[in-house]
Each structure stands twice: as structure tokens, then as C-alpha cells.
Amino acid sequence: MNDVLGPVVNLIRLPHGEGIDLPAYETRGAAGMDLKAAVPADRPMVLTPGKRALIPTGFIFEIPSGFEVQIRPRSGLAFKHGITCLNTPGTIDSDYRGEVKVLLVNLGDEDFVVERGMRVAQMVVAPVVQVGIAETATASETSRGAGGFGSTGV
Ligand SMILES: O=c1ccn([C@H]2C[C@H](O)[C@@H](COP(=O)(O)OP(=O)(O)OP(=O)(O)O)O2)c(=O)[nH]1
């Protein structure tokens, strides 16, 4: 387990996740932990330009209630290869018990090969507030009003 104070995310390793390193904070102040690709070692996944694919991580997450895991792109892959997460930030619900997968898309102009163990994305744990929803006839007045989408200028 990471040597940090805080909530614990339990990870259940799936058979094809055998040998994949657990996510870990790489530096003391890191916000995210890298997720590795659990694709077969003898069958790397090729993302041709414009193609998207679900990359298995090899783990089921048990996230404590009141938290979510966000799946975010790695800036290095985005900058160097145009590889990003299509649905960023991906949301992993605390009650999800399937394998966590990373939805990558290749926005670059060259093939990108995802090999087993490659760090394809990062996970950030964040608190979640569930709110009540109430339908009302009116809302309180504010100085912004309905201004948005650039209403305050550049
Ligand atoms: O990048 C992602 C995003 C989601 N999920 C899993 C965990 C999440 O809890 C579940 C549902 O995700 P989401 O709510 O984004 O999907 P949806 O399209 O609304 O589908 P659903 O109807 O299953 O909620 O899929 C992943 O493994 N990776």
C-alpha cells in the first residue's frame, strides 16, 4: 500500500493483470498515479490515427463511498504522440465493480503502439458530493444573471 494518510482504494487483480505494477504516486506531491496497460504481451494494441480503443488496466477498483476516481490523460503522451483519453476525465463510480479501462484515442498522425505495462493514463482520486435535486419555479437574482460564455470579455 502507498505510504500515505488518506482513504484506501482496494484493487482486485484480474488474471490478465498478473505482473502489472500497482498504481503508485511517483513523487511526494503527485496528484495522480499512472495506470498501466494490461494488453497481452504478445499482442500489443495498435492505435492508427483517429482510432480509439479501450485499454484494460487488469484491475477492479473498490473506491470508498464519497469518492470517485478520475481517469486523465498523460501530458507527455498527448504532447509527443497526440494520445489522449477521449472521455477525459473518465469517471469511475465507487459502486462500479467491473474492470477499469482507459479509453484512448490517437489524435496524432502516426500509429501508436500500446504495449503491456505502458503507462497510458493517470488516476486521480477526488471527493464527490451527492446533492438533492429540487424543482423550483424561481431562482435568486444575481449580478451575473444569465451572462455566460464570454460575457465578461477577454
Ligand atoms: O474511462 C472510463 C470511464 C468509465 N469506466 C467505467 C467505470 C464507470 O463507473 C462506468 C460507467 O462510466 P460512465 O458513467 O462514464 O458511463 P456511461 O456511459 O454513463 O454508462 P453507464 O450507463 O454504464 O453508467 O464505466 C471506465 O472503466 N473507464
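Both backbone and side-chain heavy atoms feed into the values below; hydrogens, waters and symmetry mates do not. Since the structure is predicted, the reported quantities are computational estimates derived from the model, not experimental observations. Indexing begins at 1, ligand by ligand and atom by atom, following the structure's order.
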Side-chain contact test, heavy atoms from C-beta onward, threshold under 4.5 Å: evaluate it for Arg116 versus Pro40 and give yes or no. no
Using a 4.0 Å cutoff against the non-hydrogen atoms of Val100, which atoms of ligand 1 qualify? 27 (O)
Asp21 bridged to Lys36 by N-O distance under 4.0 Å: no
Give the atom numbers and elements of ligand 1 that come within less than 4.0 Å of a heavy atom of Gly90. 1 (O)
Protein heavy-atom contact under 4.0 Å for atom 1 (O) of ligand 1? yes
Using protein heavy atoms only, decide if any is under 4.0 Å from atom 5 (N) of ligand 1. yes
A quick test of your reading: do over 12 heavy atoms of other residues, nucleotides or ligands sit less than 6.0 Å from CZ of Arg13? yes
Shortest protein heavy-atom distance from atom 25 (O) of ligand 1, along with the residue and atom involved: Tyr96 CE1, 4.0 Å
How does Asn87 reach ligand 1, by side chain, by backbone, by both or by neither, if only non-hydrogen atoms under 4.0 Å count? side chain
Can you check whether a protein heavy atom sits less than 4.0 angstrom from atom 27 (O) of ligand 1? yes
State which residue, out of Gln70, Met33, Arg72, fulfils the side chain to side chain contact (heavy atoms under 4.5 Å, CB included) condition with Gln122. Arg72
What's the spacing between Arg52 CZ and Asn87 CG if we round to 0.5 Å? 11.0 Å
With heavy-atom distances below 4.5 Å as the criterion, would you say the side chains of Val125 and Val9 are in contact? yes
Nearest to atom 14 (O) of ligand 1, what protein heavy atom do you find, and at what distance? Asp93 OD2, 3.9 Å
Just heavy atoms, cut-off under 4.0 Å: does Thr91 contact ligand 1 by side chain, backbone, both, or neither? backbone
Can you find a protein heavy atom closer to atom 19 (O) of ligand 1 than 4.0 Å? no
When rounded to the nearest 0.5 Å, the distance separating CG of Leu11 from CG of Leu22 is 6.0 Å
Do any non-hydrogen protein atoms sit less than 4.0 Å from atom 22 (O) of ligand 1? no
Taking everything shown except Arg97 itself, do over 12 heavy atoms lie less than 6.0 Å from its CZ? yes
